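Please read these numbers as outputs of a predicted model, since none were measured by experiment. Note that these values count all heavy atoms, side chains included, but never hydrogens, waters or copies made by symmetry. By convention here, the first residue in the shown sequence is residue 1.
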Amino acid sequence: MLEPFRGILNNTRIVLASASPRRKEILENVKLNLDIIPSDVEENLNKAEFQGRPHVYAVQTAEIKADNVFARVMKEQQTAENLLVIGSDTVVSLNGEIY
């Protein structure tokens with residue numbers, strides 16, 4: 001699946017904005033070399049605003065995490081060239097209610 005992009009990915013700094021051992025394992029299983037830099041932002045989106053749309057809550061939380069790590073990496077390396085920051089989030093919901 002990733003093979004057509006392997007040349008690009010091998011020359012890209014890939015940063016996982018998560019401390020999740022499972023996410024790390026998934027990306028390592030597809031042979032990606034990555035740095036782990038967990039986000040240090042507080043996950044405080046108002047869940048009530050996302051009722052019926054838990055996927056939007058997860059996407060916005062992942063974006064916040066990735067933006068946080070991206071900003072920190074940019075202070076270190078000064079360029080976004082050949083940089084990929086992956087943010088992710090998991091949400092538990094039932095009938096549109098987020099728990």
Shortest non-hydrogen contact from Ala17 toward Ala66:
CB-CA, 4.2 Å
Write down the atom of Val91, the atom of Ala58, and the distance for their closest heavy-atom approach.
CG1-CB, 4.0 Å
Give the intermediate values and the outcome of salt bridge (Lys or Arg N to Asp or Glu O under 4.0 Å) for residues Glu97 and Lys47.
CA-CA 8 Å; Glu97 184 174 349; Lys47 291 178 178 138; over 6 Å; no
When rounded to the nearest 0.5 angstrom, what is the spacing between [atom1] in [X] and [atom2] in [Y]?
{"X": "Ser18", "Y": "Ile36", "atom1": "OG", "atom2": "CD1", "answer": "7.5 Å"}
{"X": "Lys31", "Y": "Asn29", "atom1": "NZ", "atom2": "CG", "answer": "6.5 Å"}
{"X": "Ile98", "Y": "His55", "atom1": "CD1", "atom2": "NE2", "answer": "10.0 Å"}
{"X": "Phe70", "Y": "Glu63", "atom1": "CZ", "atom2": "CD", "answer": "13.5 Å"}
{"X": "Leu84", "Y": "Leu9", "atom1": "CG", "atom2": "CG", "answer": "7.5 Å"}
{"X": "Asp35", "Y": "Lys24", "atom1": "CG", "atom2": "NZ", "answer": "11.0 Å"}

Tell me, do [X] and [Y] make a side-chain contact under 4.5 Å, heavy atoms counted?
{"X": "Arg13", "Y": "Asn33", "result": "no"}
{"X": "Leu83", "Y": "Val15", "result": "yes"}
{"X": "Val59", "Y": "Asp89", "result": "no"}
{"X": "Leu34", "Y": "Arg23", "result": "no"}
{"X": "Val73", "Y": "Val69", "result": "yes"}

[X], [Y]: one ILVMFWY side-chain cluster at the under-4.5 Å cut-off?
{"X": "Phe5", "Y": "Val30", "value": "yes"}
{"X": "Leu45", "Y": "Tyr99", "value": "no"}
{"X": "Ile37", "Y": "Met74", "value": "yes"}

Would the distance check show the side chain of Thr12 and the main-chain N or O of Ile14 forming a donor-acceptor pair, the cut-off being under 3.5 Å?
no
Looking at Gln77 and Thr79, would you say the former's side chain and the latter's main chain have a donor-acceptor pair under 3.5 Å?
yes
Heavy-atom count around Asn82 CG within 6.0 Å, excluding the residue itself: above 12?
yes
Within a 6.0 Å radius of atom CG on Asn46, are there more than 12 heavy atoms belonging to other residues, nucleotides or ligands?
yes
Does the side chain of Arg53 pick up a donor-acceptor pair with the side chain of Ser93 at under 3.5 Å?
no
Reference residue Leu16; test side chain to side chain contact (heavy atoms under 4.5 Å, CB included); the match among Val85, Leu27, Leu32:
Leu27
Are any of the side-chain nitrogens in Glu76 or Arg72 under 4.0 Å away from the carboxylate oxygens of its partner?
no
